[in-house]
K.L.:
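Here you go, one structure.
Predicted model only: the values in this text are computed from it and were never measured.
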Amino acid sequence: MAEFRRRYSDKSDSESRIHISRLAFLLAALLIAVTSASLVFVGFVASHASTQQAIANEERLFRNALEERLRDIVREQRTVTVSDETVRKLVRTFDPVYARQHFHALWSRYRHNKVILISGSNQVLAESFQDYTHITKRPSSETPALAPVIRKTQALFAANRVRVPGGFGHRSLQGLDTDQYALMGVIRLDGKPALFSAMPIMPDEYTATLPDGGPTLMISVKYIDDALLERLNSQLNFARLRFEPRAFEPEDGPSHLVTSEEGVDVGSFRWESQTVIDSIWPTVIPVIAMLSLTLGALAFGIAWRIGQLTRSLQKSEEQNRYLALHDNLSGLANRLQFNRVLETSAAELPQKRFAVLHCDLDKFKAVNDTYGHAAGDTVIKIMAKRLNETVGRPGLVCRIGGDEFMVIYRGGTSRKELDTLCRALINKALLPIQIEGGNTAHVGLSIGVAVAPADGTEPEDLVARSDAALYRAKDRGRGVHAFYEDLLKDTFIQEDAASAKTGLSSLSA
């Protein structure tokens with residue numbers, strides 16, 4: 001009896017231990033399963049949130065780049081629309097030769113695919129198609145897509161029109177945001193989606209005034225084609241950036257929907273997201289296996305993974321920020337960073353003076369034509385390095401496209417100091433450049449200089465005036481530099497000479 005009780009007790013203890021062991025294993029398995037499911041869920045949420053945040057950052061970067069490109073079109077258009085001579089030749093009277101010359105300039109310099117001139121009575125007076133300008137006189141209502149653009153641009157002009165001696169003018173553009181005097185956006189014209197800028201023609205020096213009535217408008221259009229997409233993508237470096245004529249849902253991936261002035265969807269810019277979030281599953285599965293040994297490793301694994309995801313997102317954001325502010329080929333600051341630094345520098349005037357140098361390579365096209373675009377890329381890289389080394393710490397060297405460079409220089413801004421800097425840049429540019437195949441490329445450099453605040457305090461004015469000085473340098477034979485103040489002196493001399501000639505003619509009569 002005692003032996004039986006002992007054996008029965010041993011059997012009961014054994015069964016109890018087995019039951020407890022099974023229960024422990026079951027509880028452990030349940031705990032591991034619940035913890036693993038929690039880890040999987042946390043991983044899914046973290047990956048999804050990281051991806052959505054990265055996509056939102058990319059979409060924000062694209063919106064900024066698109067807005068900056070629209071502002072570029074306005075700045076390019078201003079070289080024609082804000083001019084006393086344009087008022088005389090296209091508003092007070094209509095000079096077809098003048099229209100053809102300046103419409104062609106907007107195509108040859110800035111690749112405006114289409115430029116339309118609309119009178120105050122809503123008549124289309126001239127219309128360019130790339131390098132061909134058609135002089136006409138037809139109602140603008142024949143192109144319905146222009147109606148809301150014309151109406152809104154006329155409203156902008158009405159809000160800014162001022163009475164001046166001899167007629168009317170436009171309030172000063174200084175201190176005005178671009179969208180306060182120009183309309184810009186997206187339009188479908190001639191069956192094609194396009195970026196556009198619309199501005200009233202206005203005087204700048206008020207030697208000419210505007211007549212009463214509606215404004216004469218100029219509308220510039222750039223079609224959304226491969227060339228424009230490439231220009232947009234030069235500061236973003238997105239994968240497969242494209243334009244598709246419809247809207248997309250957020251789950252379809254990153255996109256940016258654009259609408260016309262009537263509020264009609266024109267289409268969407270789309271691209272493949274550059275954010276690379278490593279798959280969480282290969283990491284979670286080993287962690288789950290480790291949970292069977294110790295629950296302590298779970299906490300370490302989760303913290304380590306979350307840290308990895310955070311670092312991955314941070315690295316992705318840093319890369320996006322860098323790509324958004326630097327030129328992919330030369331490594332210099334790009335147009336977006338240039339504009340930001342220029343606005344900051346202008347805001348610090350007049351305490352902190354600076355100069356804007358607009359630089360353009362001479363004979364660069366000959367290098368591309370003779371040795372190919374790879375050689376051209378080599379020249380751009382070497383010239384970027386030379387310019388950066390010569391300008392040094394007091395300046396910011398930027399590549400704004402093609403063979404054009406801009407410099408914001410905060411060192412000495414006296415005429416003598418800037419002369420010395422420009423000569424050093426030009427001499428450095430003249431040094432031969434070794435390219436592939438044992439060949440040697442020879443290029444030069446022309447520079448236009450605008451000094452703030454003497455030549456202006458607004459970023460748009462400084463850019464336009466350094467550009468005007470650059471064209472003066474080109475006209476003088478290239479390989480030289482020119483100051484905007486000299487251009488003004490030449491203008492005054494020419495005007496004095498013209499006035500003297502008019503006076504002599506009156507005396508003779």
K.L.:
Does Leu387 reach the side chain of Leu425, with side-chain heavy atoms less than 4.5 Å apart?
P.N.:
yes

K.L.:
Taking side-chain hydrogen bond (donor to acceptor under 3.5 Å, both in side chains) as the definition, give me every residue that meets it alongside Asp475, ordered by chain and number, with sequence neighbours left out.
P.N.:
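Checked Asp475 against side-chain hydrogen bond (donor to acceptor under 3.5 Å, both in side chains); zero matches.
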
K.L.:
So, Gln77 and Ser197: side-chain donor and acceptor under 3.5 Å apart, yes or no?
P.N.:
yes

K.L.:
Of Arg63, Arg340, Arg75, which meets salt bridge (Lys or Arg N to Asp or Glu O under 4.0 Å) against Glu68?
P.N.:
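Among Arg63, Arg340, Arg75, the one that satisfies the salt bridge (Lys or Arg N to Asp or Glu O under 4.0 Å) with Glu68 is Arg75.
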
K.L.:
Please name all residues satisfying side chain to side chain contact (heavy atoms under 4.5 Å, CB included) with Leu396, sequence neighbours left out, ordered by chain then number.
P.N.:
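Counting only residues at least two positions away or on another chain, Leu396 forms a side chain to side chain contact (heavy atoms under 4.5 Å, CB included) with Ala333, Gln337, Val341, Cys398.
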
K.L.:
Taking the six-membered ring for Trp, are Phe269 and Phe62 ring centroids under 6.0 Å apart?
P.N.:
yes

K.L.:
Between the side chains of Glu58 and Ser273, does any donor sit under 3.5 Å from an acceptor?
P.N.:
yes

K.L.:
Using the ring of each side chain (for Trp, its six-membered ring), is His170 parallel, tilted or perpendicular to Tyr181, with breaks at 30° and 60°?
P.N.:
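Perpendicular: the ring planes of His170 and Tyr181 meet at over 60°.
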
K.L.:
Using side-chain contact (heavy atoms from CB on, under 4.5 Å) as the criterion, point out the one residue from Thr153, Leu146, Ile201 that pairs with Leu217.
P.N.:
Thr153

K.L.:
Does Glu460 pair with Arg465 as a salt bridge, N-O distance under 4.0 Å?
P.N.:
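The answer is no: the pair does not qualify as a salt bridge.
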
K.L.:
Can you tell me if Ser140 and Asn122 form a side-chain donor-acceptor pair at under 3.5 Å?
P.N.:
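No.
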
K.L.:
Could you check whether any side-chain heavy atom of His256 comes within less than 4.5 Å of a side-chain heavy atom of Leu66, counting everything from C-beta outward?
P.N.:
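Answer yes - side chains close enough.
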
K.L.:
Are side-chain N/O atoms of Arg246 and Ser268 paired as donor and acceptor at under 3.5 Å?
P.N.:
no

K.L.:
Can you say whether the rings of His112 and Tyr110 are parallel (under 30°), tilted (30 to 60°) or perpendicular (over 60°)?
P.N.:
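His112 and Tyr110: tilted rings.
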
K.L.:
Could you list the residues that satisfy side-chain hydrogen bond (donor to acceptor under 3.5 Å, both in side chains) with Arg109, not counting sequence neighbours?
P.N.:
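Once residues adjacent in sequence are excluded, the partners of Arg109 under the side-chain hydrogen bond (donor to acceptor under 3.5 Å, both in side chains) criterion are Tyr471.
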
K.L.:
Step by step, work out the side chain to side chain donor-acceptor pair (under 3.5 Å) result for Glu85 and Ser83.
P.N.:
CA-CA 5 Å; Glu85 185 178 12; Ser83 164; 5.0 Å; no

K.L.:
Is it true that the NZ or CZ of Arg161 lies under 6.0 Å from the centre of Phe168's six-membered ring and within 45 degrees of the ring axis?
P.N.:
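Here Arg161 passes the 6.0 Å and 45° test against Phe168.
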
K.L.:
Is the NZ or CZ atom of Arg270 positioned over Phe243's six-membered ring, under 6.0 angstrom from the centre and within 45° of the axis?
P.N.:
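No - Arg270 does not lie over the ring of Phe243 by the 6.0 Å and 45° rule.
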
K.L.:
Among Asp467, Ile447, Leu462, find the residue that satisfies the side-chain contact (heavy atoms from CB on, under 4.5 Å) test when tested with His358.
P.N.:
Asp467

K.L.:
For the residue pair Glu348 and Ser345, confirm or rule out a side-chain donor-acceptor distance under 3.5 Å.
P.N.:
no

K.L.:
Classify the side-chain pair Glu205/Thr207 by whether it contains a donor and acceptor separated by less than 3.5 Å.
P.N.:
no

K.L.:
Could you check if a side-chain atom of Glu485 sits within less than 4.5 angstrom of a side-chain atom of Val451, using non-hydrogen atoms only?
P.N.:
no

